[in-house]
Structure formats: structure tokens, C-alpha cells
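Report on the following structure.
As the structure lists them, so they are numbered: ligands from 1, and atoms in each ligand from 1.
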Amino acid sequence: MTWDPAAVPNAHGKTVVVTGANAGVGYFASEQLAAAGAHVVLACRSPERAEAAVSAIRRRVPGASVGATPLDVADAGSVTEAADALLQRERVDVLLLNAGIVHPPADRAVDARGNELVLSTNVLGHFQLTALAFPVLERTPGARIVTLGSLATLLSRFPVDDLQLDGSYNSWNAYAQSKIAAQVLGFELDRRLRAAGKDIASVVVHPGYSTSGRTPGIRGVNQPSKAKRFADNLQAAWTQGKDHGAWVPVRAALDPEVRGGDFLGPRWVTKGAPARALATRTSRDRTVGARVWELLEEYTGQRFTVAP
Ligand SMILES: NC(=O)c1ccc[n+]([C@@H]2O[C@H](COP(=O)([O-])OP(=O)(O)OC[C@H]3O[C@@H](n4cnc5c(N)ncnc54)[C@H](OP(=O)(O)O)[C@@H]3O)[C@@H](O)[C@H]2O)c1
């Protein structure tokens with residue numbers, strides 16, 4: 001199973017929706033998918049940043065088919081509206097669940113429903129979006145849901161009944177636990193899709209260690225300071241640009257050999273071309289998966305039944 005990021009399959013006719021697509025991995029995945037011929041929908045919370053990203057893709061990929069839709073994944077009302085917009089579409093071949101807080105606040109914050117903000121952004125909004133937009137995935141043959149996990153999942157415990165981090169919050173815990181929960185959700189979704197006999201694959205990926213200071217500069221999308229470039233370049237031996245990190249979700253979206261339940265990451269763990277990777281045992285644990293699903297339904301107030 002090898003993959004050349006410079007020679008991806010033609011994606012004409014496919015519609016891809018990318019959350020948090022105005023910057024970082026999400027932007028570069030969108031650009032690469034547009035270059036492959038897909039119609040790409042950038043689901044972003046800021047109309048200005050979305051427009052800058054759409055313009056950048058049009059500039060850099062002549063003939064790109066690209067548009068934007070408003071989505072703040074930490075706002076349940078916005079998620080509902082975005083799902084309604086997706087349901088108007090004839091097809092959604094790939095739902096790329098990328099948006100995330102990668103540098104959580106030092107102090108615990110909550111969304112309008114009282115859910116811890118990093119969990120809300122990195123997991124709850126995507127759970128609700130997938131549940132509400134599910135019918136359009138069901139009517140798209142061979143649809144894929146791609147979830148962004150992280151190497152951080154290797155480095156943290158996962159006290160499943162403390163997802164809201166009440167009394168145990170720190171920014172590292174918040175990030176690591178949200179990413180473990182995201183991976184758990186991706187694999188639990190795969191089991192439920194298989195059990196229901198759905199023609200939809202849930203794939204989990206991580207982009208290694210990808211920094212903006214090692215990423216091409218693009219107006220309105222990636223403009224790191226000189227100091228940031230200098231600091232990030234000191235770590236060049238084990239890091240890569242977010243344009244390379246994006247290779248992994250692009251492969252998950254387009255490789256015909258990828259299957260539901262696969263886990264992909266860079267070949268050299270933190271960097272490199274995408275390859276199969278090993279997910280933590282916790283991420284794939286059925287009991288943990290069932291419990292997390294139950295909690296996500298409770299926190300979002302959103303039932304999500306994958307019926308045969
Ligand atoms: N970079 C890495 O090394 C790395 C490693 C492991 C996993 N990941 C995962 O990869 C994904 C992308 O990371 P990145 O490094 O590309 O991060 P990034 O450069 O900070 O980009 C994050 C994107 O998510 C969007 N976002 C944040 N909160 C949002 C919200 N409430 N609603 C909608 N969009 C929101 C941001 O939009 P705004 O511009 O509006 O803030 C931005 O477009 C994340 O899920 C991250 O956990 C990254």
C-alpha cells in the first residue's frame with residue numbers, strides 16, 4: 001500500500017466538505033482536493049477568513065470548483081444550519097472533520113450549552129453535524145467520514161467519565177482528551193456503520209507534527225512571523241508543513257484502497273507520505289466507544305442512531 005501525494009486519483013464528480021478549512025491542514029487538504037477535481041465546500045466560522053481561503057484556492061488552482069458555507073462547530077445552532085445546508089445537496093462524498101482548537105485556553109471555558117469548549121469544538125460539533133447531515137451521506141454511494149485524530153492520543157490517559165474536565169482542566173488535558181475522544185468516535189462510528197451494513201466508511205487520520213512556520217506563506221491563510229518561521233525551522237528534523245500534513249486526510253478521502261476503520265498517519269510518524277498507522281488500544285476499545293457515544297448524545301442532546 002503505497003501512495004504518491006503528487007499523483008492522487010481524479011476526484012471529478014465528488015463533493016467534499018471540510019470543516020475548519022480556512023487555515024492549516026484543512027486549507028491545504030481543501031486545496032489538494034480541489035486540484036484533484038473535487039468540488040470542495042469550505043465550512044468555516046468566519047466569512048472573511050473563508051473568503052480569503054476560497055480566493056487563495058482559486059488563485060493557486062486554476063479552474064477549481066470551490067465554495068464556502070458558514071459553520072461554527074462550537075455553536076449548536078450554527079451546526080444545525082450547516083447540516084441543513086448540506087442536506088440540500090445532492091451528494092457529499094467526503095465529510096472531513098478537521099476543525100479544531102489546537103492551542104486550548106489556559107483556563108477552562110464553556111460553549112453556550114455549558115460544554116467544555118475544546119471538547120465542544122473538537123468533538124461535539126462534529127458529532128452533531130454528522131448525525132444531522134447523515135441522510136446526504138447515506139444517499140451518496142461510497143461516502144467517507146474522515147476524522148482528525150492526533151499523536152497526542154499516545155501521550156495521555158483517558159478517564160472517560162471526566163470528558164468535561166470539571167476540576168481537572170489544563171490545556172494539555174483538554175487537547176489530548178478531545179483528540180482521544182475524536183478517535184474513539186471515528187472507530188465507534190465505523191463499527192456502527194458496518195453493523196448497519198452502510199456503504200459509508202469512517203476513517204481516522206493524524207497529520208503527524210505539522211507547523212505553520214514550515215508551511216508555504218499564503219495571504220490571509222498562513223502568514224507566520226519571522227520569529228515563528230525561525231523557531232519552527234529549528235525543529236525541521238521531525239516536523240513538516242501543514243501542506244504535507246494534509247496529505248493524510250487527502251489520502252483517506254481519495255484512496256480506493258482505504259477502508260472504514262483504517263487509521264493513517266505520516267510514514268515517519270511525525271512527517272512523511274501517508275501510510276497505515278497504529279491507533280492506541282483505547283481508541284479502538286468497544287466499551288469505551290459505546291460509553292463515549294452515549295456521553296456525546298447526552299452533551300449535545302442529539303440522538304444518533306445508525307439504523308440498518
Ligand atoms: N498541526 C498538527 O501537527 C496536528 C497534529 C495532530 C492533529 N492535528 C489536528 O488537525 C486539525 C487541524 O489542525 P491545524 O494544525 O491545521 O490547526 P489550525 O491551523 O489552528 O487550523 C484550525 C482550523 O480549525 C478552525 N476552527 C477552530 N475552531 C473552530 C470553530 N469553532 N468552528 C469552525 N472552525 C473552527 C480554525 O478556524 P479559525 O481561523 O476561525 O480559528 C482553522 O481553520 C485539528 O483537528 C488538529 O487537532 C493537527
Side-chain angles (χ1 to χ4, degrees), residues 17-31 42-54 56 68-79 81-82 96-105 109-112 115-126 128-129 146-156 171-172 174-183 185-186 204-215 218 220-224 228 232 235 238-250 252 263-266 269-272 277:
V17 177
V18 183
T19 71
N22 58 282
V25 172
Y27 169 81
F28 286 96
S30 301
E31 186 185 289
L42 280 60
C44 307
R45 62 178 163 177
S46 153
E48 293 76 25
R49 290 193 288 276
E51 191 41 48
V54 167
T69 197
L71 171 65
D72 182 338
V73 284
D75 174 340
S78 168
V79 172
E81 283 173 21
L96 177 42
L97 304 174
N98 164 82
I101 296 179
V102 292
H103 300 295
V110 294
D111 68 12
N115 288 313
E116 191 278 313
L117 187 63
V118 183
L119 179 73
S120 170
T121 307
N122 294 5
V123 191
L124 302 181
H126 284 147
Q128 189 187 359
L129 180 69
V146 179
T147 298
L148 263 291
S150 172
L151 284 176
T153 57
L154 298 169
L155 305 172
S156 177
S171 54
W172 164 252
Y175 183 69
Q177 292 210 28
S178 74
K179 287 285 122 179
I180 297 172
Q183 289 193 186
L185 171 59
V204 183
V205 301
H206 78 86
Y209 188 6
S210 308
T211 63
S212 58
R214 304 255 298 132
T215 305
I218 300 177
V221 172
N222 186 54
Q223 295 171 292
K228 172 81 177 142
D232 284 0
Q235 304 186 330
W238 60 89
T239 63
Q240 61 184 355
K242 297 193 184 192
D243 49 335
H244 289 194
W247 289 344
V248 190
V250 168
F263 183 60
L264 306 179
V269 185
T270 56
K271 64 193 289 190

Worksheet item: Hey, does Tyr175 have a side-chain heavy atom less than 4.5 Å from the side chain of Ile101?
Response: no
Practice prompt. Specify the closest pair of heavy atoms between Ala68 and Ala50, including all atoms of both residues, with the distance to one decimal.
Written response: CB-CB, 4.1 Å
Worksheet item: How long is the gap from OG on Ser178 to CG on Leu119, to the nearest 0.5 Å?
Response: 7.0 Å
Worksheet item: Going by the atom numbers of ligand 1, which of them fall below 4.0 Å from some non-hydrogen atom of Val25?
Response: 16 (O)
Worksheet item: Would you say the side chain of Asn22 lies within less than 4.5 Å of the side chain of Leu42, judging by non-hydrogen atoms?
Response: no
Response to the item:
for atom 5 (C) of ligand 1, nearest protein heavy atom and its distance come out as Gly208 O, 3.3 Å
Worksheet item: Between Gln240 (side chain) and Pro207 (backbone), is there a donor-acceptor pair under 3.5 Å?
Response: yes
Practice prompt. Number the atoms of ligand 1 from 1 as they appear, then name those within less than 4.0 Å of a heavy atom of Tyr209, with their elements.
Written response: 3 (O)
Practice prompt. Tell me which one of Pro207, Ala23, Ser150 gets a heavy atom nearest to atom 8 (N) of ligand 1.
Written response: Pro207
Worksheet item: Is ligand 1 under 4.0 Å from a heavy atom in the side chain of His206, in the backbone, in both, or in neither?
Response: neither
Worksheet item: What atoms of ligand 1 come within less than 4.0 Å of a heavy atom belonging to Ala74?
Response: 31 (N)
Practice prompt. Could you tell me whether a side-chain N or O of Thr270 sits under 3.5 Å from a main-chain N or O of Trp238, the two making a donor and an acceptor?
Written response: yes
Fill in: Sub-4.5 Å side-chain heavy-atom contact between Lys242 and Tyr27
no
Worksheet item: Given Val146 and Leu97, is the side chain to side chain contact (heavy atoms under 4.5 Å, CB included) satisfied, shown in steps?
Response: CA-CA 6 Å; Val146 179; Leu97 304 174; over 6 Å; no
Discussion item. Quick check on the 6.0 Å ring-centre criterion: do Phe28 and His244 meet it?
Written reply: no
Worksheet item: Is the shortest N/O to N/O distance between Val102 and ligand 1 below 3.5 Å?
Response: no
Worksheet item: Considering only heavy atoms of Gly149, which atoms of ligand 1 have at least one such atom less than 4.0 Å away?
Response: 6 (C), 7 (C)
Discussion item. Geometry only, no angles: is Val73 polar-contacting ligand 1 at N/O separations under 3.5 Å?
Written reply: yes
Practice prompt. Give the residue and atom name of whichever protein heavy atom lies nearest to atom 10 (O) of ligand 1, and the separation in Å to one decimal.
Written response: Leu148 CD1, 3.5 Å
Worksheet item: Quick one: does Thr147's side chain have a donor or acceptor within less than 3.5 Å of a partner on Ala182's backbone?
Response: no
Fill in: Tyr27 and ligand 1 - part of the residue with a heavy-atom distance under 4.0 Å
neither
Item to complete: Check each of Arg45, His126, Lys242, His103 against atom 38 (P) of ligand 1 and report the one with the nearest heavy atom.
Response: Arg45
Fill in: Shortest protein contact, atom 25 (C) of ligand 1 (heavy atom only)
Gly20 CA, 3.7 Å
Worksheet entry | Distance (rounded to the nearest 0.5 Å) between Asn122 CG and Ile180 CD1 | 12.0 Å
Practice prompt. Would you check the N or O atoms of Cys44, main chain and side chain alike, for any that come under 3.5 Å of an N or O of ligand 1?
Written response: no
Worksheet, complete the sentence: When distances are taken from atom 47 (O) of ligand 1, the protein heavy atom at minimum range is Tyr175 OH, 2.7 Å
Worksheet entry | Heavy-atom side-chain proximity of Asp111 to Leu117 below 4.5 angstrom | yes
Worksheet entry | Ligand-residue contact atoms, ligand 1 with Ser210, heavy atoms, under 4.0 Å | 1 (N), 2 (C), 3 (O)
Discussion item. Out of all atoms in ligand 1, which are within 4.0 Å of some heavy atom of Thr121? Include the element for each.
Written reply: 28 (N), 29 (C), 31 (N)
Worksheet item: If we only count N/O pairs under 3.5 Å, is Ser46 in contact with ligand 1?
Response: no
Worksheet item: Which ligand 1 atoms, with their elements, are less than 4.0 angstrom from a heavy-atom of Leu71?
Response: 32 (N), 33 (C)
Worksheet entry | Contact (N/O only, under 3.5 Å) between Asp72 and ligand 1 | yes
Fill in: atom 44 (C) of ligand 1: the protein heavy-atom neighbour that sits closest, reported with distance to 0.1 Å
Asn98 O, 3.2 Å
Worksheet item: What is the closest protein heavy atom to atom 22 (C) of ligand 1, and at what distance does it sit?
Response: Gly100 O, 3.6 Å
Item to complete: Would you kindly say whether Thr19 and His126 are connected by a side-chain donor-acceptor distance under 3.5 Å?
Response: yes
Item to complete: Specify the closest pair of heavy atoms between Ala82 and Leu129, including all atoms of both residues, with the distance to one decimal.
Response: CB-CD1, 4.2 Å
Worksheet, complete the sentence: Of all protein heavy atoms, the one nearest atom 34 (N) of ligand 1 is Ala99 CB, 3.6 Å
Worksheet item: Are Asp243 and Asn222 close enough, and set up right, to give a side chain to side chain contact (heavy atoms under 4.5 Å, CB included), and what steps lead you there?
Response: CA-CA 11 Å; Asp243 49 335; Asn222 186 54; over 6 Å; no
Item to complete: Just jot down the ligand 1 atoms closer than 4.0 angstrom to any heavy atom of Gly24, in number order.
Response: 16 (O), 19 (O)
Fill in: atom 36 (C) of ligand 1: nearest protein contact (heavy atom, Å)
Asn22 OD1, 4.3 Å
